[in-house]
Number of protein chains: 2
Amino acid sequence: MPASVTLSDVAREAGVSLATASRAINGSANRTVRADLRERVLEAAARLRYTPDANAQAMARGRTTSVGLVVHDIADPYFSSIAAGVTRAADREGLQVTLTSTQHDPARESVLVDLLKRQRARAIVIAGGRLDDESINDELRAALADYRAGGGSVALIGQPILGVDAVVVANAQGAADLARALHGRGYRRFAILAGPAHHLTARERSDAFRGALAELGDPVPDDAVVPSAFTHAGGEDAMHHLLRRGDLPELVFAVNDVMALGALAACRESGVRVPDDIALAGFDDISTLRDVVPALTTVRVPLVEVGIAATELALADPSDEPRLTHVPTQVVLRDSTPVR
Amino acid sequence: MPASVTLSDVAREAGVSLATASRAINGSANRTVRADLRERVLEAAARLRYTPDANAQAMARGRTTSVGLVVHDIADPYFSSIAAGVTRAADREGLQVTLTSTQHDPARESVLVDLLKRQRARAIVIAGGRLDDESINDELRAALADYRAGGGSVALIGQPILGVDAVVVANAQGAADLARALHGRGYRRFAILAGPAHHLTARERSDAFRGALAELGDPVPDDAVVPSAFTHAGGEDAMHHLLRRGDLPELVFAVNDVMALGALAACRESGVRVPDDIALAGFDDISTLRDVVPALTTVRVPLVEVGIAATELALADPSDEPRLTHVPTQVVLRDSTPVR
DNA sequence: TTGTAAGCGTTATCAC
DNA sequence: GTGATAACGCTTACAA
């Protein structure tokens with residue numbers, strides 16, 4: 001960044017010392033500046049169109065004004081809603097958001113934490129759910145420990161297995177409630193597009209859904225639980241698998257809305273109508289989907305609020321033990337699962 | 001950020017000078033470091049878990065590694081897709097993205113540019129379309145001039161009216177093509193949810209759509225062109241207006257997909273079925289919507305690529321006159337506008 | 001090839 | 001209340 005007006009320029013222009021200029025402009029803590037001098041400085045700053053250099057300030061003050069955000073894919077409405085919450089909360093505190101993306105590679109999370117440490121981000125919000133993969137978890141744990149040793153604080157969204165503050169979404173409760181609600185609508189034969197086996201959020205949702213149905217006396221058979229990626233393509237593939245297998249269930253539960261969308265695509269390709277031929281439910285309540293026809297039955301997760309809560313957690317002054325913010329979920333029955 | 005390992009620590013640990021440590025770690029331009037020394041330094045750095053301070057590097061080098069992105073709302077799939085492109089392109093160059101949001105207030109764009117100038121972002125991508133509002137444009141122009149005077153470069157997505165590099169989307173062509181395609185499907189009586197009157201993208205789409213129909217001999221009457229916000233709520237309100245008015249058109253064109261979604265919501269509330277009672281088309285081809293039923297007829301804008309192109313433009317070495325990257329659009333006919 | 005030292009633009013600690 | 005001046009952590013002439 002060549003040639004920018006510096007504080008020295010302003011000081012010179014105003015005929016005061018660097019120190020006074022600094023104090024006049026940021027209104028330093030105790031030290032106060034005589035009114036007429038402050039006036040002169042401010043005027044000079046305006047005349048010169050002076051903008052303080054945030055990097056220099058960060059150096060001198062020992063802390064930056066940026067919050068790091070780690071997502072898997074910002075184009076995914078799940079993450080972009082969370083990001084909206086994070087930017088809003090950061091903005092309220094006068095902080096900027098540094099957006100980083102793993103491009104769907106969970107192993108990159110630790111790399112991005114390192115990157116954000118290098119930027120000396122004040123706090124980091126990690127938006128992706130945890131995996132049941134100790135080598136990846138260990139690596140992330142190490143990166144986080146390292147980051148926190150440098151004075152940074154972290155909050156993650158998902159399972160609190162890393163020893164840091166976390167926003168915990170009531171996945172199990174929501175999935176169980178959903179299962180009971182659908183059972184109540186008369187469904188008996190279910191299939192599950194279950195996501196990756198080692199993905200804890202996927203597992204919580206899938207397991208709780210199955211568990212609730214088992215309790216109701218209509219268990220989901222093993223071969224009706226189809227693993228897949230946690231993405232649109234994953235839902236599509238899993239649904240195709242189900243369709244090829246024949247013996248269609250009455251209702252398919254995809255462990256997130258984006259996967260449900262993939263399933264919808266698969267159905268369309270195969271000429272299977274939703275909900276006429278098969279009912280479909282998702283999870284998350286992605287807002288973009290709220291108005292589509294048929295409206296998707298799902299479990300609402302207040303994603304923007306989750307993003308806000310995570311940011312607040314990450315920004316709160318450090319505590320010795322990890323804090324948890326619990327977020328409830330709520331079943332939303334819509335047209336994709338009509339009463340049978 | 002208290003207590004981080006610094007380069008001095010590493011140098012001391014390795015028994016070399018600061019300069020040598022620096023050169024060993026970043027592999028300085030011409031100066032080279034003897035192999036054994038470099039080895040020692042790298043080892044010490046690893047042992048101490050040293051991470052360079054990007055802010056300090058930025059200060060010393062005179063340039064940061066961050067790209068600023070200005071959107072209106074990151075939760076809007078239009079912007080999140082662009083953001084995905086921006087992060088991808090930035091990542092390729094080893095740069096970070098600083099995400100800022102106006103929260104739908106166009107006047108805040110210039111404030112955010114100032115903010116990004118303060119961060120000394122290397123380049124800025126402005127994602128929102130331009131307005132026909134000279135006071136706002138002037139303010140933004142001034143902020144940009146100021147930013148560029150400090151050595152920053154800018155690219156915006158939309159109309160090239162600010163004298164900076166721009167990615168120009170073929171809105172008019174796409175809208176005209178769409179009108180002709182729909183006319184070809186047998187539609188004759190149209191209405192337009194036109195967005196804000198002063199919003200240039202909205203206007204381009206609306207005007208071109210109208211123009212093409214006029215040429216075809218089926219002009220859209222003035223009172224069937226309903227202004228509104230460029231948002232979901234805007235589409236919803238405008239559609240309600242249209243429905244209340246009675247005398248339903250055969251097809252409603254919303255100038256973006258998110259507005260079309262709002263229109264869909266309004267239809268549902270009023271018990272009007274799409275496409276049975278009324279056909280609906282949008283613009284942008286938001287990916288989340290590709291699989292919904294009824295699939296929405298729209299004009300595809302390659303948003304991720306637009307984000308990439310804008311970032312590349314902003315990062316390219318400065319040129320004396322504004323460069324333009326033109327992006328074509330493509331009509332996508334789907335079920336929401338069946339053949340009549 | 002290595003080291004010394006002068007910045008980079010601020011803030012903060014001192015004296016005055 | 002104001003002004004030198006030393007940090008902050010790094011890069012990069014300039015010397016050696």
Side-chain angles (χ1 to χ4, degrees), chain A residues 1-42 44-45 48-65 117-122 150-151, chain B residues 1-42 44-45 48-65 117-122 150-151:
Chain A
M1 307 293 83
S4 245
V5 180
T6 75
L7 191 54
S8 305
D9 298 332
V10 175
R12 188 176 332 109
E13 174 88 1
V16 301
S17 74
L18 226 199
T20 301
S22 170
R23 294 194 271 251
I25 286 183
N26 82 9
S28 159
N30 26 22
R31 265 46 182 119
T32 152
V33 174
R34 218 174 52 211
D36 60 323
L37 277 196
R38 177 178 25 261
E39 212 38 60
R40 273 219 322 261
V41 172
L42 263 29
L48 266 38
R49 314 209 96 238
Y50 166 72
T51 311
D53 182 324
N55 289 285
Q57 292 183 313
M59 282 229 57
R61 296 208 249 247
R63 62 207 162 82
T64 65
T65 60
K117 181 200 175 196
R118 165 185 297 242
Q119 310 291 324
R120 301 299 187 263
R122 218 190 246 210
Chain B
M1 307 290 83
S4 246
V5 180
T6 75
L7 190 55
S8 306
D9 298 332
V10 176
R12 189 175 331 110
E13 174 87 1
V16 301
S17 75
L18 227 199
T20 301
S22 171
R23 296 195 267 251
I25 287 184
N26 82 9
S28 160
N30 27 23
R31 265 58 178 100
T32 153
V33 175
R34 216 174 52 212
D36 59 324
L37 277 195
R38 182 185 14 266
E39 211 39 59
R40 274 221 317 265
V41 171
L42 263 31
L48 266 37
R49 316 209 92 237
Y50 167 72
T51 310
D53 182 325
N55 289 284
Q57 291 184 312
M59 282 230 57
R61 298 209 247 247
R63 61 206 162 84
T64 65
T65 59
K117 181 199 175 195
R118 166 184 300 241
Q119 310 292 324
R120 301 298 187 262
R122 215 189 250 214

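In what follows, every chain begins at residue 1, and chains take the letters A, B, ... in the order their sequences are listed. It should be emphasised that the depicted structure is a prediction, and the values quoted were computed from it without experimental measurement.
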Within less than 4.0 Å of OP1 or OP2 of [N], is there a side-chain N or O belonging to [X]?
{"X": "A:S22", "N": "C:dT11", "result": "yes"}
{"X": "B:N26", "N": "D:dT11", "result": "yes"}
{"X": "B:Q57", "N": "D:dC10", "result": "no"}

Residue that, paired with A:D36, satisfies side-chain hydrogen bond (donor to acceptor under 3.5 Å, both in side chains) out of A:R34, A:R40, A:R38
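The residue from A:R34, A:R40, A:R38 that satisfies side-chain hydrogen bond (donor to acceptor under 3.5 Å, both in side chains) with A:D36 turns out to be A:R34.
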Indicate yes or no for a side-chain donor-acceptor contact from B:R118 to the backbone of A:A54 under 3.5 Å, with no hydrogens or angles considered.
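Answer holds: no.
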Keeping the roles fixed (side chain from A:R122, backbone from A:T64), state whether a donor-acceptor pair exists under 3.5 Å.
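The answer is yes, because a donor-acceptor pair under 3.5 Å joins these two groups.
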Please report the C-alpha distance between A:V41 and A:R23 in whole Å, then the side-chain angles of each, then the deciding distance to 0.1 Å, and finally whether the side chain to side chain contact (heavy atoms under 4.5 Å, CB included) criterion is met.
CA-CA 10 Å; A:V41 172; A:R23 294 194 271 251; over 6 Å; no
Atom-to-atom span, [atom1] of [X] to [atom2] of [N] - whole angstrom:
{"X": "A:D53", "N": "D:dC8", "atom1": "CG", "atom2": "P", "value": "18 Å"}
{"X": "A:Q119", "N": "D:dC10", "atom1": "CD", "atom2": "P", "value": "13 Å"}
{"X": "A:R63", "N": "D:dG9", "atom1": "CZ", "atom2": "P", "value": "15 Å"}
{"X": "A:M59", "N": "D:dC8", "atom1": "CE", "atom2": "C1'", "value": "4 Å"}
{"X": "B:K117", "N": "C:dG9", "atom1": "NZ", "atom2": "C1'", "value": "13 Å"}
{"X": "A:N55", "N": "C:dT11", "atom1": "CG", "atom2": "P", "value": "13 Å"}

Under 4.0 Å from any atom of DNA chain C, heavy atoms only: list the residues of residues 33-40 of chain B that qualify, in numerical order.
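Correct list: B:V33, B:R34, B:L37.
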Check DNA chain C against residues 9-21 of chain B and give the residues with a non-hydrogen atom under 4.0 Å, in numerical order.
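Those residues are B:V16, B:S17, B:A19, B:T20.
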With sequence neighbours left out, what residues match B:R49 under side-chain contact (heavy atoms from CB on, under 4.5 Å)?
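Applying side-chain contact (heavy atoms from CB on, under 4.5 Å) to B:R49 gives A:D146.
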Can you sort out the partners of A:D53 under side-chain contact (heavy atoms from CB on, under 4.5 Å), two or more places apart, ordered by chain and number?
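Scan of A:D53 (side-chain contact (heavy atoms from CB on, under 4.5 Å), adjacent residues dropped) gives A:N55, A:A56, B:R120.
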If you compare all heavy atoms of [X] against all heavy atoms of [Y], which two are closest, and at what distance to 0.1 Å?
{"X": "A:V10", "Y": "A:I25", "value": "CG1-CD1, 4.4 Å"}
{"X": "B:A24", "Y": "B:V33", "value": "N-CG2, 3.8 Å"}
{"X": "B:T6", "Y": "B:Y50", "value": "C-CE1, 3.5 Å"}

Test of understanding: with salt bridge (charged side-chain N to carboxylate O under 4.0 Å, His left out), list the residues that count as partners of A:R12, not counting sequence neighbours.
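Salt bridge (charged side-chain N to carboxylate O under 4.0 Å, His left out) check on A:R12 returns A:D9.
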Sequence neighbours excluded, which residues qualify as salt bridge (charged side-chain N to carboxylate O under 4.0 Å, His left out) partners of A:R61?
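Residues passing salt bridge (charged side-chain N to carboxylate O under 4.0 Å, His left out) with A:R61: none at all.
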Counting heavy atoms from C-beta on, name the nucleotide in C:dT11, D:dG9, D:dT11 closest to the side chain of B:R61.
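The answer is D:dT11, which lies nearest to the side chain.
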Look at the side chain of B:T6 and decide which nucleotide, out of D:dT11, D:dC10, D:dC8, has an atom nearest to it.
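Output: D:dC10.
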Would you mind reading off the bend of the helix from C:dT1-D:dA16 to C:dC16-D:dG1 from its two end axes, five pairs each, to 10 degrees?
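Computed from the C1' atoms at both ends, the axes differ by 40°.
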Please list, for nucleotides 14-16 of chain C, all pairs of protein and nucleotide N/O atoms separated by less than 3.5 Å.
unit_1: C:dC14; atom_1: N4; unit_2: A:R31; atom_2: NH2; d: 3.4
unit_1: C:dA15; atom_1: N6; unit_2: A:R31; atom_2: NH2; d: 3.2

Partners of A:S17 by side chain to side chain donor-acceptor pair (under 3.5 Å), sequence neighbours excluded?
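Result, side chain to side chain donor-acceptor pair (under 3.5 Å) vs A:S17: A:T20.
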Side chain to side chain contact (heavy atoms under 4.5 Å, CB included), that's the test. Do B:S4 and B:T51 meet it? Break it down for me.
CA-CA 8 Å; B:S4 246; B:T51 310; over 6 Å; no
